[in-house]
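Down below is the structure, laid out as structure tokens.
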Amino acid sequence: MAVCNVVILAVLLFFFFGGRDFSLEQKEDARLIGASYMTMNNEFYTIISEKVAYRVEAEGDRMILRDPALDPVRQASQIRELLDMGISALVVAPADADSLADVLTESRDRRVKVIVVDTAVADDIPADCTITSDNYEAGVIIGKYFLQKHNTAKLVVMTHESARSARERVGGFLDTVSANENIQVVKKIECEGQVEIAMPRLQEAINEGLDFDTVFCLNDLAAMWKTWKRKSAERL
């Protein structure tokens with residue numbers, strides 16, 4: 001479990017270290033750690049990757065990063081490439097958890113430690129450890145806050161259906177606000193959690209004359225659109 005512990009402690013321990021050149025400390029028998037996050041077009045994953053890589057290198061080991069760009073088929077292929085390179089552990093944030101079942105099973109068969117971060121996989125998919133937030137509860141908290149501020153609303157909900165974490169967050173919010181019958185969901189828009197998808201699709205809804213006054217954004221990138229001329233659109 002040593003490799004697993006290295007990754008788990010990465011974020012917590014990063015700030016205790018200075019800017020040393022860890023390449024000078026690299027071990028002759030350095031372990032190779034593979035990382036595959038659902039997309040690197042998201043500052044959240046960039047920060048996680050930097051902190052994990054910092055700690056791995058502090059231990060004298062090496063990190064290899066692959067970016068599937070939200071493509072689950074590409075992610076599975078890249079993970080197999082990492083396995084062929086001889087990695088000892090895999091840090092993965094699945095683009096689509098179900099589609100990685102075979103390759104994660106293969107990883108375990110090759111005695112590679114599997115550390116799942118941010119979005120959990122199904123119970124029958126092998127993982128040595130899972131590090132996630134309670135995304136459903138996060139949605140519930142947002143929903144409760146929203147109900148404190150609004151008694152009525154016409155909601156547009158931005159979604160990312162292939163990501164379990166996003167589905168849970170949206171689900172927690174909708175389950176909470178549905179307690180008020182005056183809260184109406186007028187449209188769900190699939191944005192994959194990406195600003196370049198969220199912006200034009202919401203603009204299209206505006207151009208079509210969709211009657212709404214509130215937008216629920218599943219993450220920061222979905223919320224980062226320009227100031228709209230439609231003053232009644234409220235960003236949550």
Side-chain angles (χ1 to χ4, degrees), residues 36-46 48 66-79 92-101 103 116-122 125 132-143 145-146 150 153-178 180 183-230 232-236:
S36 175
Y37 307 99
M38 65 174 68
T39 177
M40 296 309 293
N41 186 27
N42 187 325
E43 188 175 0
F44 173 72
Y45 292 116
T46 300
I48 288 179
R66 292 291 182 266
D67 179 8
L70 293 173
D71 185 337
V73 175
R74 182 178 180 183
Q75 187 171 38
S77 176
Q78 290 177 340
I79 290 174
V92 58
D96 181 347
D98 294 338
S99 69
L100 293 186
V103 73
V116 176
V117 298
D118 183 48
T119 182
V121 295
I125 298 178
T132 64
S133 303
D134 188 336
N135 285 286
Y136 184 87
E137 181 60 22
V140 169
I141 292 171
I142 296 170
Y145 174 80
F146 180 77
H150 303 276
K154 294 180 179 179
L155 276 169
V156 168
V157 179
M158 311 301 284
T159 66
H160 184 183
E161 292 298 331
S162 65
R164 181 174 176 178
S165 55
R167 293 197 306 270
E168 291 175 347
R169 196 175 309 130
V170 171
F173 174 77
L174 292 179
D175 287 349
T176 302
V177 300
S178 64
N180 184 340
I183 306 297
Q184 179 186 2
V185 177
V186 297
K187 190 177 183 65
K188 292 182 179 180
I189 298 177
E190 173 61 48
C191 70
E192 299 181 19
Q194 301 297 297
V195 63
E196 65 272 18
I197 299 176
M199 288 178 66
R201 290 186 179 176
L202 186 63
Q203 183 65 68
E204 182 179 343
I206 292 173
N207 294 342
E208 291 173 351
L210 183 68
D211 184 17
F212 69 99
D213 53 33
T214 306
V215 180
F216 173 80
C217 308
L218 69 107
N219 67 0
D220 291 342
L221 288 180
M224 289 171 54
W225 50 67
K226 298 176 182 178
T227 302
W228 303 106
K229 293 180 181 179
R230 185 186 180 98
S232 61
E234 176 185 343
R235 290 179 294 178
L236 175 60

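Sequential numbering from 1 along the given sequence is applied to the chain's residues.
For the atom pair CG of Leu70 and CD of Glu192, the computed distance is 5.5 Å after rounding to the nearest 0.5 Å. With values rounded to the nearest 0.5 angstrom, Glu204 atom CD is found 5.0 Å from Glu208 atom CD. Taken to the nearest 0.5 Å, the OG1 atom of Thr159 stands 10.5 Å off from the NZ atom of Lys187. In this structure, CD1 on Ile142 lies 7.5 Å from CZ on Arg169, to the nearest 0.5 angstrom. In this structure, CG on Leu155 lies 9.0 Å from CZ on Phe216, to the nearest 0.5 angstrom. With rounding to the nearest 0.5 angstrom, the CD1 atom of Ile125 is 5.5 Å from the CG atom of Asp98.
Taking all atoms of both residues into account, the shortest heavy-atom contact from Val117 to Thr132 is C-CG2, 4.4 Å. In terms of heavy atoms, His160 sits closest to Met38 at CE1-SD, 4.1 Å. Nearest heavy-atom pair across Val116 and Pro94 is CG1-CD, 4.1 Å. When every heavy atom of Arg167 is checked against every heavy atom of Glu161, the shortest pair comes out as NH1-O, 2.7 Å. Shown here for Cys191 and Ile197, the closest heavy-atom pair between the two residues is O-CB, 3.4 Å. The two residues Pro68 and Tyr37 come nearest to each other via the heavy atoms CD-O, 2.8 Å.
The side-chain heavy atoms of Tyr145 and Ile141, taken from C-beta on, include no pair separated by under 4.5 Å. The shortest side-chain heavy-atom distance between Asn180 and Phe146 does not fall under the 4.5 Å cut-off. Using a 4.5 Å heavy-atom cutoff, the side chains of Val121 and Leu100 are not in contact. Contact of the Arg66 side chain with the Gln75 side chain is not registered, since no non-hydrogen atoms from C-beta on lie closer than 4.5 Å. Side-chain contact between Asp211 and Val186: absent, with no pair of heavy atoms (C-beta onward) separated by less than 4.5 Å.
The backbone N or O of Gly172 lies less than 3.5 Å from a partner atom in the side chain of Thr176, making a donor-acceptor pair. Remark: side-chain polar atoms of Ser165 are not paired, donor with acceptor, to backbone N or O of Thr119 under 3.5 angstrom.
Using modelled atom types, one finds no donor on one side chain facing an acceptor on the other under 3.5 Å when comparing Asp67 with Tyr45.
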